[in-house]
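In what follows, a structure is listed as structure tokens, so that the remarks can point back to it.
Just so it is clear: chains get the letters A, B, ... in the order the sequence lines come, proteins before strands, and each one is counted from 1.
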Number of protein chains: 2
Amino acid sequence: MSRKTDASLSQGAERRVPMRDFSRSLPMSLLRAREAVMRQFRPSLRNHGLTEQQWRILRALAAIEAVEVSELARMAFLLGPSLSRILRDLEARQLIERRTDPADQRRGVVSISAKGLKLMAAVAPTSEAIYAAITKRYGARKLAELQEMLAALEQSLSGMEQGAVADEEDA
Amino acid sequence: MSRKTDASLSQGAERRVPMRDFSRSLPMSLLRAREAVMRQFRPSLRNHGLTEQQWRILRALAAIEAVEVSELARMAFLLGPSLSRILRDLEARQLIERRTDPADQRRGVVSISAKGLKLMAAVAPTSEAIYAAITKRYGARKLAELQEMLAALEQSLSGMEQGAVADEEDA
DNA sequence: GAGAAATGATTAACATGTTAAATTATGGTG
DNA sequence: CACCATAATTTAACATGTTAATCATTTCTC
């Protein structure tokens, strides 16, 4: 690699670009909080051979008989391409089942399998226990309040069309 | 693909696994809120050829003369492997400069280049304007309160050792 | 001071995020 | 009915997330 061992960096360059304190930006706060939460769940999911996203899909499917792929994407908050790949994998592992809507052959319809339900039943207790521990630590009321504020944030931004602020391209 | 066209799914399987309403889980709330926020910034960053993570690194670097790679990872909240790849790319684009700490040849030291500062100066105004718009929409006070609650959540979870809840492996 | 243990960084391997393009199936229109 | 626009899904291509393994250097220890 091109790594100089001397100290010839651009020392003289004026270094200040006026911006908010980086570590306190909203995206960073949200990212750190989410990571702190997920760190609690990942080990258990991993023990059962599941990723966070795969688990989201199983949970979404457990609540219903069957759903179209697009609707599942919306429920699990995954983009189409990610979902496509994950469904391929989950189907190969026989955790879900898939058919085609006879009325519209473009649509795929997905449901959880008996094996998938069995896996869920194995994971759910630990997962619920972790969630309960988090709730206890943070406070149930405070947690509910946080969720409301997050939902409100989503709402606030839902109508913010992009491009409201001008911006040139780079070419 | 193995997609049955008939309707022979596992209809009889008992479908209920007792769990909280999925869409209201804390990780999902945090994910959605963060995505709603990032959706505002991504187009502008993209116009300048930057990803969210690359922008985080430049912002972290703009505040200081130079930092070690590990410290930069902590500041930008990136894992080592991600940071390694991104630094390789940013260095190739001459947006950053890199040397090796003479006192400890294991440590890499990174700083932003003049070109990197120039790019930041081009992106910052739009970025700040978007942030201001978000703040106005959601409310400055409410935003500050949200950040406090997120920080508190991090704090609450910081001492939660994993494995506090038993969990068997799958083999 | 030679060799083991530890540390900083990178690489490897696989899963997902993100945007664009391609595929296949519907539906409308002349 | 041929044609074209649209829609649902997948594939492609590249960037990052995540864990494990590797590599180089340093530090500890005898």
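- In this entry the distance linking CZ of B/Arg74 with C1' of C/dT7 reads 18 Å, nearest Å.
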How does each nucleotide of nucleotides 13-20 of chain C score, in 5' to 3' order, for protein heavy atoms under 4.0 Å: base (B), sugar-phosphate only (S), or none (-)? B-SBBBBB
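- Remark: A/Arg85 does not engage A/Asp89 in a salt bridge, criterion side-chain N to carboxylate O under 4.0 Å.
- The stretch residues 54-64 of chain B participates, sequence neighbours left out, in these salt bridge (Lys or Arg N to Asp or Glu O under 4.0 Å) pairs: B/Glu52-B/Arg56.
- Here B/Arg42 pairs with B/Glu35 in a salt bridge; the nearest charged N to carboxylate O distance falls below 4.0 Å.
- B/Val123 places none of its side-chain heavy atoms less than 4.5 Å from the side chain of B/Phe41.
- One atom, CG of B/Asp104, and another, P of C/dG8, lie 8 Å apart when rounded to the nearest Å.
- The only member of A/Leu50, A/Ile86, A/Val110 that meets side-chain contact (heavy atoms from CB on, under 4.5 Å) when paired with A/Ile57 is A/Ile86.
- Taking atom CZ of residue A/Arg99 and atom P of nucleotide D/dA8, one finds them 17 Å apart after rounding to whole Å.
- To the nearest angstrom, C1' of C/dG27 lies 8 Å from CZ of A/Arg106.
- Annotation: salt bridge (Lys or Arg N to Asp or Glu O under 4.0 Å) contacts involving residues 67-77 of chain B, sequence neighbours excluded, comprise B/Glu68-B/Arg107, B/Glu71-B/Arg74.
- Closest to the side chain of B/Arg107, out of C/dT10, C/dG8, D/dT26, is C/dG8.
- Between the CG atom of A/Asp101 and the C1' atom of C/dT26 there is a distance of 12 Å, given to the nearest Å.
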